[in-house]
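No experiment lies behind these values; they were computed from the predicted model shown. Quick note: residue numbers are just sequence positions, from 1.
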Amino acid sequence: MAKILYLVHRLPYPPNKGDKVRSFHLLKHLAARHQVFLATFVDDPDDRQYIAKVREYCTELYVSELQPGLAKLKSLQGLLSGEALSLPYYRDAGMVRWVQEMAQAHGFDAVIVFSSPMAQYVKHAHGLQRGGADVPVLIDFVDVDSAKWADYANSRTWPMSWLYRREGRQLLAFEADAADASACSFFVTDKEVALFRQLTPGRHAAVESLCNGVDAEFFAPAKDRPSPFPAGQLPLVFTGAMDYWPNADAVIWFAAEVLPSLRAQWPALHFHIVGRSPTPAVQALAGEGISVSGTVPDVRPYLQHAAAVVAPLRLARGIQNKILEAMAMGQPVVAAQSCVQAIDAIDGQELMGATEPADFVRALSALLADPQLASRIGAAGRARVQASYSWDAHLAGLDRHLAQAMASTENQAA
């Protein structure tokens with residue numbers, strides 16, 4: 001049983017948004033096999049109630065309160081230091097001290113980093129009990145975050161476009177250096193791996209894909225689960241954290257560009273936007289034909305009783321947990337083609353891809369007109385998730401690299 005320092009940028013519970021789903025299952029996986037020393041941030045006051053739950057998985061736990069408004073101001077220090085703004089945003093002196101104290105008291109066997117800004121704490125994790133050898137590091141980048149900032153810049157005007165492009169450049173340089181210093185780094189898809197290699201020519205870091213999974217036992221249809229929708233309604237559902245820009249952009253675009261044509265054909269159609277913290281722009285969508293729920297106690301009734309689930313994401317990268325969860329619920333999903341390409345599933349049989357508004361209209365109209373087709377695609381999608389997206393199966397790849405890295409370090413120390 002190893003002593004693992006696990007550095008996570010956001011409290012990995014509850015698993016109610018994409019990054020927290022992945023970071024929680026990684027925590028759960030590690031805790032079943034090792035002693036976990038977790039350092040993380042709480043950036044939502046509602047999450048404080050879950051600190052005790054997270055503590056159950058940890059030998060030691062350090063949680064820093066992060067106030068997004070103040071953190072944004074602090075991040076501007078990066079303009080003076082020349083570093084990515086994401087680094088001072090997540091910089092905490094108390095966390096530095098805790099990591100140093102734990103390293104000296106316990107001597108970590110390995111460090112696992114979740115999200116690139118947390119790699120800044122690795123240098124503080126080298127203890128005194130390893131014969132002078134550095135502690136091996138594995139980094140779960142998930143996506144190429146630097147490329148996200150570059151994408152955001154394309155949809156903004158100056159000066160934000162300049163700021164986002166700068167962030168993309170500076171964060172990429174940090175990501176490349178962090179990957180070079182790690183035993184192995186992971187991205188959620190082969191496509192993200194290829195993008196990172198393309199963006200860092202001449203570098204030779206060990207980089208692999210580590211796919212997302214889904215709990216198909218939890219996300220499963222149940223006969224006794226009541227519907228949250230009124231009788232006679234054709235509910236179309238989108239799920240996700242609605243203060244996340246790509247999600248907000250997706251529903252705003254869909255409501256303007258796709259929904260009117262669909263409702264002209266299907267007057268009973270109603271678009272349900274289900275997820276925490278909707279922005280003012282998302283809240284403004286609520287009205288005839290559109291509901292904005294905010295936080296719900298359980299997303300499964302909304303998925304199970306939907307006529308179809310949509311994921312028209314234009315800015316998001318990698319595998320989307322919201323799509324895997326809807327597929328696990330046996331629901332037909334129509335998603336942006338870029339998201340479909342990231343999933344090991346057959347387009348048109350296990351889910352449906354679309355790009356332009358007319359593509360979404362055609363795909364959704366076909367499902368609404370033929371409930372048997374919708375049922376077949378939903379059943380095939382669930383079967384695909386059960387066969388290909390087990391968390392333990394995917395995280396076994398991390399176990400292999402963790403064992404190799406620790407063995408190599410022990411040999412060096414000897």
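- By the 4.0 Å N-to-carboxylate-O rule, Asp140 lies close enough to Arg22 to be salt-bridged with it.
- Between the side chains of His401 and Glu208, a donor-acceptor pair is found at a separation under 3.5 Å.
- Within 6.0 Å of CD on Gln49 lie more than 12 heavy atoms contributed by other residues, nucleotides or ligands.
- Remark: the Thr279 side chain and the Asp243 side chain contain no N/O donor-acceptor pair separated by less than 3.5 Å.
- Classification of the Phe24-Tyr13 ring pair by plane angle, with boundaries at 30° and 60°, yields perpendicular.
- Between the His34 side chain and the His29 main chain, no donor and acceptor come within less than 3.5 Å of each other.
- Between Tyr6 and Phe114, the two ring planes are perpendicular [angle over 60°; tilted spans 30° to 60°].
- For the residue pair His9 / Thr40, no side-chain donor-acceptor distance below 3.5 Å is found, with atom types taken as modelled.
- Looking at Arg10 and Asp43, a side-chain N of the basic residue comes within less than 4.0 Å of a carboxylate O on the acidic one, giving a salt bridge.
- Ring planes of Trp391 and His25: parallel class, angle under 30° (limits at 30 and 60°).
- Residue-environment remark: CZ (Arg33) exceeds the threshold of 12 foreign heavy atoms within 6.0 Å.
- Between the side chains of His272 and Gln233, a donor-acceptor pair is found at a separation under 3.5 Å.
- Between Arg203 and Asp177 there is a salt bridge, with a side-chain nitrogen of the basic residue lying less than 4.0 Å from a carboxylate oxygen of the acidic one.
- Between Phe254 and Phe271, the ring planes lie tilted relative to each other; the angle falls in the 30° to 60° range.
- Side-chain atoms of Ser375 never come within 3.5 Å of backbone atoms of Pro371 as a donor-acceptor pair (strictly under, hydrogens ignored).
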